[in-house]
Number of protein chains: 2
Amino acid sequence: MLNRLKALGDLHRQNILKLLAAQEMGACEIIQAIGLSQPAIAHHLKILKQAGLINSEKEGKIVFYNLNKDGLKELLKEMDGFLEGLSCFSCSLAKPSPLRQNPNLCAEMGFDPEV
Amino acid sequence: MLNRLKALGDLHRQNILKLLAAQEMGACEIIQAIGLSQPAIAHHLKILKQAGLINSEKEGKIVFYNLNKDGLKELLKEMDGFLEGLSCFSCSLAKPSPLRQNPNLCAEMGFDPEV
DNA sequence: AATTTATATATCTAATTATTTAAATATGTA
DNA sequence: TACATATTTAAATAATTAGATATATAAATT
């Protein structure tokens, strides 16, 4: 999930995904639309591809890119799972910290911010 | 959404969220559990707080942290909205690129990889 | 008041990540 | 075969981000 989150966590890459949602595009079209250099786009496309968020298909000298809908759906599922997996995520209140009862607990356990 | 994604896109921060899901914790407890320096933890907590993924509450000299469940749910909603918002995300096939018909389109539009 | 404890900020260094320029590969065309 | 086009890879630089050390603030304790 980490790779997918990181792949999504960039504005250029989000914009690329939006472009590809409307239609598949050759790399040169993406370059023109985004306005970054060709190698920069290639880099972002590589990250999106490795994250499984887009697919590519070579036809002749042109490489066409399109959304990997399964990958996107899976990311959403993973996110949902992660958030649900935060036990108690849907239940009432998380337990209070033992520090509430004993405010000196950290010091007693040897926690020393000076060192 | 970008800030929240970036906040989630770090393993230490994911682990902090997992800790806080089980119970609220004072900062010193988090430091002991994660094993990074105190300022490093303070940094990550700040990022999570700014992203709206955790809350903090000061009691005496101790700052207690806990999950911001609303923020987490909202992130999931935003993600879902973004993915749905990729038009055609749920429909059959994205349009083919015009390059399919005219492979020289990029060159004609003035795209020159040399410059 | 002085000291200890818990946390935050400031500053600097190191590590990642993004971007560019330049060169390489691969495909199609004259 | 030579050349132009589309894309990738490599190498270098710039920008962001993570982390550590040192310092500052704030609250409790003595």
Side-chain angles (χ1 to χ4, degrees), chain A residues 2-3 5-16 24-32 34-51 54 56-65 97-100 102-115, chain B residues 2-3 5-16 24-32 34-51 54 56-65 97-100 102-115:
Chain A
L2 201 59
N3 280 342
L5 279 179
K6 285 184 180 175
L8 251 191
D10 178 278
L11 202 53
H12 290 315
R13 291 196 285 268
Q14 286 188 2
N15 288 334
I16 290 174
E24 69 163 1
M25 292 181 100
C28 66
E29 291 176 293
I30 299 173
I31 292 159
Q32 292 180 317
I34 299 289
L36 285 177
S37 73
Q38 192 194 44
I41 296 293
H43 172 239
H44 288 303
L45 290 172
K46 189 178 179 183
I47 288 174
L48 287 169
K49 181 101 188 274
Q50 285 178 339
I54 63 175
S56 66
E57 175 198 348
K58 188 166 189 176
E59 181 175 316
K61 59 184 171 181
I62 298 175
V63 178
F64 291 98
Y65 288 91
S97 162
L99 277 176
R100 296 272 186 190
N102 180 359
N104 294 320
L105 204 56
C106 274
E108 286 172 9
M109 290 184 68
F111 171 65
D112 184 357
E114 297 299 313
V115 178
Chain B
L2 201 60
N3 281 341
L5 280 178
K6 286 184 179 175
L8 252 190
D10 178 279
L11 203 53
H12 288 316
R13 291 195 287 267
Q14 286 188 2
N15 288 334
I16 290 174
E24 69 163 2
M25 292 180 99
C28 66
E29 291 176 294
I30 299 173
I31 293 160
Q32 292 179 317
I34 301 289
L36 285 177
S37 72
Q38 183 260 325
I41 295 294
H43 173 239
H44 287 303
L45 290 172
K46 191 178 180 184
I47 289 174
L48 287 168
K49 179 100 189 275
Q50 286 177 340
I54 63 174
S56 66
E57 175 197 349
K58 188 166 188 176
E59 181 175 316
K61 59 184 172 181
I62 299 174
V63 178
F64 290 97
Y65 288 91
S97 163
L99 278 176
R100 294 273 187 191
N102 179 0
N104 294 319
L105 205 54
C106 274
E108 286 171 10
M109 289 184 68
F111 173 65
D112 183 357
E114 296 299 314
V115 179

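The chains referred to below are lettered A, B, ... by the order of the sequence lines, with proteins before strands, and numbering in each begins at 1. Keep in mind that what you see is a predicted model, and the values were worked out from it rather than measured.
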Exercise. Between atom CG in B:Leu105 and atom C1' in D:dA6, what is the gap in whole Å?
Worked result: 14 Å
Problem set entry | Whole angstrom value for the distance that separates P of C:dT29 from CG of B:Asn102 | 12 Å
Output one line per pair: protein atom, nucleotide atom from nucleotides 17-19 of chain D, and distance, for all N/O pairs under 3.5 Å.
from, atom 1, to, atom 2, distance (Å)
D:dA18, OP1, B:Arg13, NH1, 3.0
D:dA18, OP1, B:Arg13, NH2, 3.0
D:dG19, OP1, B:His12, NE2, 3.2
D:dG19, OP2, B:His44, NE2, 2.3

Exercise. Given D:dA22, D:dT9, C:dA6, which nucleotide is nearest the side-chain atoms of B:Pro39?
Worked result: D:dA22
Problem set entry | Partner residues of B:Glu29 under the side chain to side chain donor-acceptor pair (under 3.5 Å) criterion, sequence neighbours left out | A:Ser97
For this session: Please name the pair of heavy atoms, one in A:Ile31 and one in A:Leu36, separated by the smallest distance, quoted to 0.1 Å.
Result: CG2-O, 3.5 Å
Problem set entry | Separation of C:dT7 P from B:Leu45 CG (nearest whole Å) | 10 Å
Exercise. NZ of B:Lys46 versus P of C:dA8: gap in Å, rounded?
Worked result: 10 Å
Problem set entry | Rounded interatomic separation in angstrom, taking CD1 from A:Ile34 and C1' from C:dT19 | 15 Å
For this session: From the options D:dT8, C:dT7, D:dT21, select the nucleotide whose nearest atom is closest to the side chain of A:Ala42.
Result: D:dT8
Exercise. How many Å lie between OH on B:Tyr65 and P on C:dA6, as a whole number?
Worked result: 14 Å
For this session: Take atom CG of B:Asn3 and atom C1' of D:dT16, then tell me their distance rounded to the nearest Å.
Result: 14 Å
Exercise. Are any side-chain N or O atoms of B:Glu57 and backbone N or O atoms of B:Tyr65, one a donor and one an acceptor, separated by less than 3.5 Å?
Worked result: no
Exercise. Considering residues at least two apart in sequence or located in another chain, which fulfil the side chain to side chain donor-acceptor pair (under 3.5 Å) criterion with B:Asn102?
Worked result: B:Glu108
Seminar exercise, completed: Looking only at heavy atoms, the pair that brings B:Ile62 and B:Gly26 closest together is CG2-CA, 4.2 Å
Exercise. Considering residues at least two apart in sequence or located in another chain, which fulfil the side chain to side chain donor-acceptor pair (under 3.5 Å) criterion with B:Glu59?
Worked result: A:Arg100
Problem set entry | Under 3.5 Å donor-acceptor pair, B:Gln38 side-chain atoms to C:dA8 base atoms | yes
For this session: Mind calculating the distance between CD1 (A:Ile31) and C1' (C:dT19) to the nearest angstrom?
Result: 14 Å
For this session: Mark up nucleotides 25-30 of chain D, 5' to 3', with B wherever a protein heavy atom is under 4.0 angstrom from a base atom, S wherever such an atom reaches only the sugar-phosphate, and - elsewhere.
Result: -SSS--
For this session: Could you tell me which residues satisfy ring pair (Phe, Tyr, Trp, His ring centres under 6.0 Å) with B:His43, sequence neighbours excluded, listed by chain and number?
Result: none
Seminar exercise, completed: When every non-hydrogen atom of B:Leu105 is compared with those of B:Pro98, the smallest separation belongs to CD2-CB, 3.8 Å
For this session: Look only at the side chain of A:Arg13 and the backbone of A:Ala7, and say whether a donor-acceptor pair between them is shorter than 3.5 Å.
Result: yes
